[in-house]
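Lettering of chains follows the sequences in order, A, B, ..., and the numbering in each one begins at 1. Values below: all heavy atoms of this structure, side chains included; hydrogens, waters and symmetry mates excluded.
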Amino acid sequence: MALQIYNTLSRSKETFEPLKPGQVSMYVCGPTVYASAHIGHAMSTLVFDIVRRYLQYRGYEVAHAMNYTDVDDKIIQRANHEGRDPHELAESYIKEYDQHLKELNILPATVFPRATEEIPAIIDMVARLMDDDYAYEAGGDVYYRVEKKDDYGRLSGRKLEDMQAGARIGVDERKEHPMDFAVWKAAKEGEPSWDSPWGPGRPGWHIECSAMVLNHLGQQIDIHGGGNDLIFPHHENEIAQTESLTHKPFARFWMHNGMMQLSGEKMSKSLGNLITIKEFLADHDADVLRMMVLGGSYRGPLTFGDEAVEAASRGLERLRGGLRPALPGASGVDDVDLEAAAADARTGFENAMDDDFNSSAALAALFELVRQINQSRDAGASDEQLRPAQTVLLELAGVLGLRLEKIAATDADPEPFAALYTEMAAKLEGDAPQVDQGDAASLIEGLLAMRQMFRAQKQWDISDQIRDQLAELGVIVEDSAGGSSWHWA
RNA sequence: GGCGACGUGGCCAAGUGGUAAGGCAAGGGUCUGCAAAACCCUCAUCACGGGUUCGAAUCCCGUCGUCGCCUCCA
């Protein structure tokens, strides 16, 4: 089956075919950096990270641009309010966002253009729009003339007449048409500005994205993405101004993610009902947020809440559980066919993702694979028998950007384990097992061996104590008929 | 007021014409010194009312409700 992608332009799923075989150009609208980003921003970037990873899994080479809007009204306002320099303020939030992208395991975009670095290109575009009568100057501002583009409103499904009917009062009288939008804004006293043929000013919001696409990806791109709150006016205006210059269809596919909801409303900076990425990551694994996004459809709203977080977290643990090794002492069984299960999972996964990135159904395929792995493990399958399925599980989860493997024991600080080891060894009547005091894994193994001795003597209180204390150190101990095993919490 | 999306079990959520994936939670069971995990079993007829059809959660009409956009917004 070929990849189908829902295109906002046609309001339907279409077969995806890139302009150039094997290569995909994708532009995703990034944040305006005037405040700490919240998990709604994270949702958007996660959605397109998943899209990108799957395209790459499908063999495409992906050129991916994500912008930072680092000059606009909000930034200037905030900087003035805090007595900071607007550039410095923007820079600090870019740094923070950059860090979040790493923590969230987002593949870095090929390029991260910034509005302030595209000024010459923007000025050039504005001049050319004016040359062709698509834009006009008014008091230092330059406006795009919407009536000049006959298919204006194509993306958002709006008609100029309808919008005029609902237009608010207070329309700038210098505009020829109420819906005309600024491609260049005259600077007020003390605002950051750049010289232009129309006097000092800065770019309008929409023009920067057009400039970046043209500059970094070309006149036509395969995918343009962003939140669905950007459909109008932002993306509509991008299309208008870009196509007025290139006279070619701008983006083949317009993809829009749904909004993160908190207490029944869209999470947004202006409403103030938000949870920042920093706050979320302080309490949860980054992959928990990814699981929440994967659990639903990217186009619909995602309701954030304690219960949803908990469910995502437990689901993640379940996936991770599939990677656990064979039971201690398992010698293998005859009738295990996990290769077939792995192949089925892959097929199910691909069919789901090919259908407009149906990640929820793709996850279901992984859960099914986990169940089969667990069944086989319980039946006594050996590591060798489990491995093919676990390899596929790890690979496919990786395509979704999930990191199923926990920290390696070699990275853990051995000291607390050494202390516990010494404490417990003192209670032991016989000799304590040999361990490498500098290696957490070795110490844990030694502690488990000791615990086995206590258990053999039915000293349940001490063996429970070892289990409890290990749990506090982040090590979960699980007993089975053949012995005990452990894994990181 | 205009445009658009949506309403599936306790919660989240797939599924767009052939008799409801999956996750979480809950109950029962197996295993177990206990615990945890795992495994097995149980748990919905799809907001409501009409219509089309041999057959609809899935198509059409209406009603109610929720949300988004129309101003900065991922």
Side-chain angles (χ1 to χ4, degrees), chain A residues 8 11 28-32 34 37-48 66 69 72-74 77 153 156-159 161-168 170 179 205 225-234 236 256-261 264-271 291-292 294-297 299-319 321-322 324 327 348 352 355 358-368 370-371 373-379 455 458-461 463-464 467-468 471 476-481 484-485 487:
Chain A
T8 305
R11 311 253 166 205
V28 181
C29 286
T32 301
Y34 72 93
H38 56 72
I39 52 178
H41 298 107
M43 174 187 179
S44 184
T45 194
L46 282 165
V47 163
F48 289 101
M66 195 208 85
T69 301
D72 92 325
D73 293 345
K74 288 260 170 77
Q77 207 180 1
S156 54
R158 291 156 207 263
K159 296 189 180 85
E161 308 87 75
D162 295 344
M163 289 188 282
Q164 246 180 311
R168 316 268 169 103
M179 298 313 295
W205 173 38
N228 67 15
D229 54 347
L230 297 181
I231 295 173
F232 189 89
H234 186 53
E236 193 69 71
H256 293 99
N257 63 274
M259 294 293 105
M260 177 84 80
Q261 308 279 130
E265 271 183 318
K266 172 182 146 186
M267 184 178 292
S268 79
K269 292 183 202 171
S270 30
L271 287 172
M291 277 297 281
M292 291 181 74
L294 290 167
S297 112
R299 286 194 275 134
L302 173 59
T303 307
F304 188 87
D306 292 342
E307 242 184 305
V309 172
E310 180 63 18
S313 176
R314 299 296 295 268
L316 182 61
E317 284 311 311
R318 184 164 172 76
L319 289 182
R324 281 178 300 183
L327 295 175
D355 182 17
N358 187 338
S359 53
S360 173
L363 273 186
L366 297 191
F367 280 118
E368 173 61 24
V370 167
R371 218 188 83 240
I373 291 172
N374 289 339
Q375 273 176 341
S376 300
R377 186 192 293 105
D378 278 2
R455 291 183 74 204
K458 296 197 190 297
Q459 301 204 48
W460 308 125
D461 50 335
S463 54
D464 287 353
R467 186 172 61 200
D468 292 346
I476 304 296
V477 175
E478 286 171 5
D479 298 329
S480 67
S484 302
S485 61
H487 64 90

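Atoms CE and CG, from Met260(A) and Leu46(A) in turn, are 8.5 Å apart once rounded to the nearest 0.5 Å. In this structure, the separation between CZ on Arg318(A) and CG on Leu363(A) is 12.5 Å, given to the nearest 0.5 Å. Rounding to the nearest 0.5 angstrom, the gap separating the CG atom in Leu319(A) from the CD atom in Glu317(A) is 9.5 Å.
Using a 4.0 Å heavy-atom criterion, one finds that Met292(A) contacts no nucleic acid atom at all. His234(A) comes within contact range of no nucleotide atom at all, as no heavy-atom separation falls under 4.0 Å. Gly321(A) comes within 4.0 angstrom of no nucleic acid atom, judged by non-hydrogen atoms across all strands.
Side chain of Glu236(A) to backbone of Ser156(A): a donor-acceptor contact under 3.5 angstrom is found. Within the 3.5 Å criterion, the main-chain N or O of Val309(A) finds no donor-acceptor partner in the side chain of Ser313(A). For the pair Arg324(A) (side chain) and Gly321(A) (backbone), a donor-acceptor distance under 3.5 Å is present. Between the side chain of Ser44(A) and the backbone N or O of His41(A), no donor-acceptor pair lies under 3.5 Å. Using modelled atom types, one side-chain atom of Asn358(A) and one backbone atom of Ala361(A) make a donor-acceptor pair closer than 3.5 Å. The closest donor-acceptor contact from the side chain of Arg377(A) to the backbone of Gly322(A) lies under 3.5 Å. Looking only at distances, no side-chain donor or acceptor of Thr69(A) sits under 3.5 Å from a matching main-chain atom of Thr32(A).
You'll find that the side chain of Phe367(A) is closest to G22(B), out of G22(B), C24(B), C40(B). Distance from the side chain of Arg11(A) is smallest to G4(B) among G4(B), A74(B), C69(B). Minimum atom distance to the side chain of Glu265(A) is reached by G68(B), of the listed C24(B), C39(B), G68(B). For Arg467(A), taking side-chain heavy atoms from C-beta onward, the closest of the listed nucleotides C39(B), G33(B), C69(B) is G33(B). Proximity note for Met267(A) (side chain, C-beta onward) versus A74(B), C39(B), C67(B): the nearest is A74(B). Minimum atom distance to the side chain of Arg455(A) is reached by G33(B), of the listed A74(B), G33(B), G68(B). Listed candidates were C69(B), A38(B), A37(B). Nearest to the side chain of Glu478(A) is A37(B). Taking only side-chain atoms of Asn228(A), from C-beta outward, the nucleotide of G23(B), G68(B), C39(B) with the closest atom is G68(B). The listed nucleotides are G23(B), G33(B), C69(B); the one nearest the side chain of Asp464(A) is G33(B). If you check C11(B), A74(B), G68(B) against the side chain of Glu307(A), the one that comes closest is C11(B).
Residue Ser480(A) places no side-chain N or O under 4.0 Å from the OP1 or OP2 atom of U32(B). For the pair Lys458(A) and C34(B), the criterion of a side-chain N or O lying under 4.0 Å from OP1 or OP2 is not met. Contact annotation: Arg318(A) side-chain N/O to C39(B) OP1/OP2 distance is under 4.0 Å. The shortest distance between the side-chain N/O atoms of Arg371(A) and the OP1/OP2 oxygens of G23(B) is not below 4.0 Å. Close to C39(B), at under 4.0 Å from its OP1 or OP2, lies a side-chain N or O of Asn374(A). At the phosphate of G33(B), neither OP1 nor OP2 sits under 4.0 Å from any side-chain N or O atom of Gln459(A). Here Arg314(A) reaches the OP1 or OP2 of A25(B): one of its side-chain N or O atoms lies under 4.0 Å away.
Taking atom C1' in both G50(B) and C11(B), the straight-line distance is 32 Å, to the nearest Å. Between the P atoms of A20(B) and A47(B), the separation comes to 15 Å (whole Å). Between the P atoms of C59(B) and G17(B), the separation comes to 8 Å (whole Å). Between C31(B) and A37(B), the distance separating the two C1' atoms is 11 Å to the nearest Å.
As rounded to whole Å, 8 Å separates atom P of C70(B) from atom CG of Asp229(A). As rounded to whole Å, 10 Å separates atom P of A26(B) from atom CD of Glu310(A). In this entry the distance linking NZ of Lys266(A) with P of C6(B) reads 18 Å, nearest Å. For the pair His256(A) NE2 and C3(B) P, the computed distance is 20 Å after rounding to whole Å. Taking atom CD of Glu317(A) as the reference point, atom P of G22(B) lies 21 Å away to the nearest angstrom. Between the CZ atom of Arg377(A) and the C1' atom of A38(B) there is a distance of 8 Å, given to the nearest Å. Rounded to an integer number of Å, the gap from Met179(A) CE to G2(B) C1' is 12 Å. Arg158(A) places its CZ atom 14 Å from the P atom of G68(B), with the value rounded to the nearest Å.
With pairs defined as Watson-Crick or G-U wobble and both atom distances under 3.5 Å, the stems of at least three pairs that touch RNA chain B come out as B:1-7 with B:64-70, B:10-12 with B:22-24, B:26-30 with B:38-42, B:47-51 with B:59-63.
Side chain Asp479(A) to base C34(B): a donor-acceptor pair is found below 3.5 Å.
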What string of B, S and - do you get for nucleotides 14-21 of chain B, 5' to 3', when a contact is any protein heavy atom under 4.0 Å? SS-----B

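Under the 4.5 Å side-chain criterion, counting only non-hydrogen atoms from C-beta, Ser484(A) is not in contact with Arg467(A). In this structure, the side chains of Asp461(A) and Asp464(A) stay at 4.5 Å or more apart for every pair of heavy atoms.
Classification of Arg371(A) and Glu368(A) as a salt-bridged pair holds, one side-chain N sitting under 4.0 Å from a carboxylate O.
Residue whose closest nucleotide on RNA chain B sits further toward the 5' end, between Ser156(A) and Ala365(A): Ser156(A). The residue among Gly258(A) and Asp378(A) whose nearest nucleotide of RNA chain B lies closer to the 5′ end is Asp378(A).
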